[in-house]
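Computed from heavy atoms alone, side chains included, the values below leave out hydrogens, waters and symmetry copies. Keep in mind it's a predicted model, so treat the numbers as computed, not measured.
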Amino acid sequence: VKIDDAAIRSVDWPLSDLRPMVIGLDGAVATTREGAMAFVLLMTAINFKFWRLNDGKFERYTFNGKTGARALWAAFEAAWGLGEVSADLFAQHLAESGVGGIFGDIPDASSRSVMLHEIISGDIAGISAKTVDRITTCGRITVADAEQIARAWPLAYGDPYLKKIQLALSKFGGYLRSVGVETDSSDLTAFADYQVPRVLRSLGILQYAAPLAALVDDGTVIAPDSAEERCIRAATILACERIAAHCNATAADVDNLLWGSQEVASKSRFHLTPTTWY
């Protein structure tokens with residue numbers, strides 16, 4: 001994978017949109033900061049692989065008319081419950097209904113169940129409270145925060161690129177900003193998944209060697225932790241850092257802009273890697 005710096009310079013970047021994420025949370029989710037943290041930690045733990053190959057046919061996860069991560073958010077919000085002890089109510093709902101009862105026909109339900117139970121059976125209240133205290137005291141979210149949580153829940157967050165846990169903390173930062181608490185996320189990297197490199201490739205910023213391009217465009221499964229898969233993810237992170245430097249923004253801001261601009265990639269394929277990391 002090559003990063004084309006000339007392509008970065010040629011894009012007409014919407015600088016007004018390169019700003020820190022702001023996420024409004026409603027109802028029981030936002031009763032307390034600790035509750036909001038628990039919500040994003042549980043939800044983002046299972047924010048991965050919203051697709052499957054069924055007898056060779058590509059299928060996307062849907063819920064209430066939404067797809068992918070947006071479908072997960074809708075299903076999770078519906079299951080979160082009412083009242084102040086929302087994490088406990090969700091755990092009760094999970095025990096009663098299982099992953100399928102909450103999220104419907106979601107791919108890799110068994111792995112998602114393992115991750116949710118790992119977090120629920122751990123000290124989610126304590127970890128949420130300590131993380132909230134650290135972030136609000138110093139006004140910053142750091143990779144060190146992400147590493148600390150990943151060590152506590154390795155099944156849910158053990159990706160060496162720390163994709164999901166950095167995304168979870170970035171979402172929490174977005175929630176804090178929505179209630180007027182300025183939070184610096186400049187220490188975070190981009191969140192290396194399968195949609196952001198698809199957008200970067202459509203913009204000409206990532207250029208795949210012919211054999212890799214053929215694998216992606218043909219919908220061939222690329223093994224997790226293979227050289228090809230690691231190259232795509234690493235190049236995504238580095239490209240977002242270069243864009244951030246070019247635009248005087250942060251990598252997290254760039255990632256948020258690119259993920260929200262998937263329409264520029266039209267119907268081009270993303271790379272298919274069966275993984276619980278993204």
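Side-chain contact between Phe90 and Ile102: present, with at least one pair of heavy atoms (C-beta onward) separated by less than 4.5 Å. Residues Met43 and Lys171 meet the side-chain proximity criterion, which asks for heavy atoms closer than 4.5 Å. The side-chain heavy atoms of Arg33 and Ile135, taken from C-beta on, include no pair separated by under 4.5 Å. The shortest distance between side-chain heavy atoms of Arg177 and Ile23 does not fall below 4.5 Å. Contact annotation: the side chain of Thr131 never approaches that of Leu41 to less than 4.5 Å [non-hydrogen atoms, C-beta and beyond]. The closest side-chain heavy-atom distance from Arg201 to Val216 is below 4.5 Å. Looking at Ile165 and Thr44, their side chains never come closer than 4.5 Å, going by heavy atoms from C-beta outward. Counting heavy atoms from C-beta outward, Leu72 and Ile106 have side chains that approach closer than 4.5 Å.
Atom CG of Asn54 is surrounded by more than 12 heavy atoms from other residues, nucleotides or ligands within 6.0 Å.
Once rounded to the nearest 0.5 Å, the distance linking OG of Ser178 with CE of Met21 reads 12.0 Å. One finds the CD1 atom of Ile8 at 5.0 Å from the CD1 atom of Ile243 (value rounded to the nearest 0.5 Å). Between the CD1 atom of Ile237 and the CG atom of Leu188 there is a distance of 11.5 Å, given to the nearest 0.5 Å. The CH2 atom of Trp153 sits 10.0 Å away from atom CD1 of Ile120, with the distance rounded to the nearest 0.5 Å. The CG atom of Asp17 sits 6.0 Å away from the CG atom of Leu257 when rounded to the nearest 0.5 Å. Interatomic distance, Ile141 CD1 to Thr183 OG1, rounded to the nearest 0.5 Å: 5.5 Å.
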* To do: Evaluate the side chain to side chain contact (heavy atoms under 4.5 Å, CB included) criterion for residues Gln262 and Val199: first the C-alpha distance (whole Å), next the side-chain angles of each, then the deciding distance (0.1 Å), finally the verdict.
  => CA-CA 6 Å; Gln262 294 175 36; Val199 175; 4.3 Å; yes

* Check the pair Thr273, Arg233 against side chain to side chain donor-acceptor pair (under 3.5 Å), reporting the backbone distance first and the verdict last. => CA-CA 11 Å; Thr273 295; Arg233 299 188 78 200; over 6 Å; no

* Under the side chain to side chain contact (heavy atoms under 4.5 Å, CB included) rule, what do Val254 and Cys247 come out as? Steps first, then yes or no, please. => CA-CA 9 Å; Val254 170; Cys247 296; 5.7 Å; no

* To do: Start with the C-alpha distance between Leu94 and His117, add both sets of side-chain angles, then the distance that settles side chain to side chain contact (heavy atoms under 4.5 Å, CB included), and finish with yes or no.
  => CA-CA 9 Å; Leu94 181 66; His117 282 97; 3.7 Å; yes

* Can you check side chain to side chain contact (heavy atoms under 4.5 Å, CB included) on Ile3 and Leu206, steps first, answer last? -> CA-CA 5 Å; Ile3 301 172; Leu206 291 189; 3.9 Å; yes

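Val22 and Val132 are members of different hydrophobic clusters when ILVMFWY side chains are connected at heavy-atom separations under 4.5 Å. No single ILVMFWY cluster, assembled from side-chain heavy atoms under 4.5 Å apart, contains both Leu200 and Phe270. Both Trp13 and Leu238 are assigned to one and the same hydrophobic cluster, defined by single-linkage of ILVMFWY side chains at heavy-atom distances under 4.5 Å. Under the 4.5 Å side-chain heavy-atom criterion for grouping Ile, Leu, Val, Met, Phe, Trp and Tyr, Ile46 is not connected to Val114 through any hydrophobic cluster. Leu212 and Val196 fall within a single hydrophobic cluster, where Ile, Leu, Val, Met, Phe, Trp and Tyr are joined by side-chain heavy atoms under 4.5 Å apart, directly or via other members.
Under 4.0 Å is where a charged nitrogen must lie from a carboxylate oxygen, and between Asp225 and Arg230 at least one such pair does. By the 4.0 Å N-to-carboxylate-O rule, Asp255 lies too far from Lys163 to be salt-bridged with it.
Although no hydrogens or angles enter the test, the distance criterion places no donor-acceptor pair under 3.5 Å between the side chain of Glu228 and the main chain of Ile222. In this structure, Asp187 contributes its side chain and Val143 its backbone to a donor-acceptor pair below 3.5 Å. Using a distance-only test at 3.5 Å, with no hydrogens or angles considered, no donor-acceptor pair links the side chain of Lys164 to the main chain of Tyr157. Although no hydrogens or angles enter the test, the distance criterion places a donor-acceptor pair under 3.5 Å between the side chain of Ser121 and the main chain of Glu118. Panel note: side chain Ser170, backbone Gln166; no donor-acceptor pair is recorded below 3.5 Å. Of the possible donor and acceptor atoms, none in the side chain of Ser113 sits under 3.5 Å from a partner among the backbone N and O of Ala109.
Using cut-offs of 30° and 60° on the angle between ring planes, the pair Tyr194 and Tyr278 is tilted. Between Phe58 and Trp51, the angle of the ring planes stays under 30°, which puts this pair in the parallel group of the 30/60° scheme.
Tyr61 and Ala75 make their closest contact through OH-CB, 3.9 Å (heavy atoms, listed as atom of the first residue, atom of the second, distance). Counting all heavy atoms, side chain and backbone alike, Asn47 lies closest to Phe50 at OD1-CE1, 3.1 Å. When all heavy atoms of Ser185 and Ala252 are compared, the pair lying nearest together is O-CB, 4.3 Å. Contact detail for Ala223 and Ser226: the closest heavy-atom pair is O-OG, 2.7 Å. Between Ser268 and Ser202 the shortest heavy-atom distance is OG-OG, 3.6 Å. The two residues Gly35 and Thr32 make their nearest non-hydrogen contact at N-OG1, 2.8 Å.
Residues Thr220 and Asp218 have side chains that never bring a donor and an acceptor to within less than 3.5 angstrom of each other.
Checked against the 6.0 Å centroid threshold, Phe39 and Trp73 count as a close aromatic pair. Side-chain rings of Phe76 and Phe103 approach one another, their centers coming within less than 6.0 Å.
Under the rule for a ring pair (Phe, Tyr, Trp, His ring centres under 6.0 Å), the partners of Tyr175 that lie at least two apart in sequence or sit in another chain are Phe172.
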